[in-house]
Every structure is written in C-alpha cells, then in structure tokens.
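Notes for the one structure printed next.
One is the number of the first residue; the rest follow in order along the sequence.
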Amino acid sequence: MNNGHDYHPSTGEFTCDVAGMYLFTLSANVSPGHEMLFCMKYNGHHWRYMAASGSGSHHQTASVSALYRMKHGDIMTVELTRNTDNTMATTTFEGVLLY
C-alpha cells in the first residue's frame with residue numbers, strides 16, 4: 001500500500017508531502033550464518049541503525065521502529081551498509097503518518 005504516493009519504489013525514497021509525526025519501521029529476515037546492517041537516513045544524514053544476524057540453523061528477523069516529525073519535502077531512506085547474505089533476504093520499510 002502506498003497511500004499518498006510518498007514512497008518512490010524506483011529510488012527507495014519516502015518524500016514527505018504532509019507534515020506531521022511519522023512512525024517508521026524497518027524489518028529484515030536474514031539467513032543462518034549471515035548478517036546485514038541497515039541505516040535509516042533522514043535528509044541524507046545517518047539517523048538509526050539496525051543489525052540483523054542469522055544464527056545457528058534458523059533465519060532471524062530484526063526490526064527497528066522510530067518516531068520522527070517530518071516537514072513537507074523531507075526525505076527518509078534506508079541504506080544497506082553491510083550484507084553477507086547472497087540470498088534474497090526479505091525486508092520491509094514502512095512510514096505511517098500518525099498526526
């Protein structure tokens with residue numbers, strides 16, 4: 001779902017159209033024995049990090065959620081900064097306007 005069309009799949013950017021308080025959530029499912037490191041970036045600046053590591057013989061899921069007051073035109077992105085998992089890891093990135 002992309003209500004408001006603020007998320008641009010071709011660039012991976014969420015560009016705020018309606019100013020307000022947003023809840024952002026990032027989740028990743030990582031294969032056993034691998035690790036991934038993500039960075040949520042606000043207007044190009046590193047803001048929140050999330051590490052995910054698959055241990056033992058099981059896939060592991062990691063998530064991070066954060067609130068941020070966005071202004072019109074602000075941009076939130078996610079950058080994959082480390083990836084030892086060559087398989088197709090499942091990731092989600094969500095932004096929800098709260099008020």
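In this structure, Phe14 and Met70 have side chains that are in contact, with non-hydrogen atoms separated by less than 4.5 Å. Using a 4.5 Å cut-off on side-chain heavy atoms (C-beta onward), Asp6 and Tyr22 make contact. Between Phe24 and Ser65, every side-chain heavy-atom pair lies at or beyond the 4.5 Å cut-off. Looking at Thr15 and His8, their side chains come closer than 4.5 Å, going by heavy atoms from C-beta outward. You'll find the side chain of Thr91 stays beyond 4.5 Å of the side chain of Asn29, heavy atoms only. Looking at Tyr7 and Glu13, their side chains never come closer than 4.5 Å, going by heavy atoms from C-beta outward.
Among residues at least two apart or in separate chains, salt bridge (Lys or Arg N to Asp or Glu O under 4.0 Å) pairs with a member in residues 38-67 are Lys41-Glu79.
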- Task: Verify side chain to side chain contact (heavy atoms under 4.5 Å, CB included) between Phe38 and Met36, making sure each step is shown before the conclusion.
- Result: CA-CA 7 Å; Phe38 296 89; Met36 300 173 89; 3.8 Å; yes
- Message: I'd like to know whether Leu37 forms a side chain to side chain contact (heavy atoms under 4.5 Å, CB included) with Leu80, so could you lay out the CA-CA distance, the side-chain angles of the two residues, the decisive distance to 0.1 Å, and finally the verdict.
- Response: CA-CA 6 Å; Leu37 178 64; Leu80 178 61; over 6 Å; no
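When ring centroids are compared, Tyr42 and Tyr68 come within the 6.0 Å threshold.
Rounding to the nearest 0.5 angstrom, the gap separating the SG atom in Cys16 from the CZ atom in Arg69 is 11.0 Å. The distance from atom OG of Ser27 to atom CE of Met50, rounded to the nearest 0.5 Å, is 6.5 Å.
The two residues Leu97 and Gly20 have their closest heavy-atom pair at CD1-CA, 4.0 Å. Closest approach of Ala19 to Lys71, counting heavy atoms only: CB-CA, 4.1 Å.
Using a distance-only test at 3.5 Å, with no hydrogens or angles considered, a donor-acceptor pair links the side chain of His72 to the main chain of Asp17. A donor-acceptor pair under 3.5 Å links the side-chain atoms of Asn43 to the main chain of Ile75, judged by distance alone.
When hydrophobic clusters are built by joining Ile, Leu, Val, Met, Phe, Trp and Tyr residues whose side-chain heavy atoms come closer than 4.5 Å, directly or via intermediates, Val18 is not grouped with Tyr99. If you chain together hydrophobic residues whose side chains sit under 4.5 Å apart, Val96 and Met76 never meet in one group.
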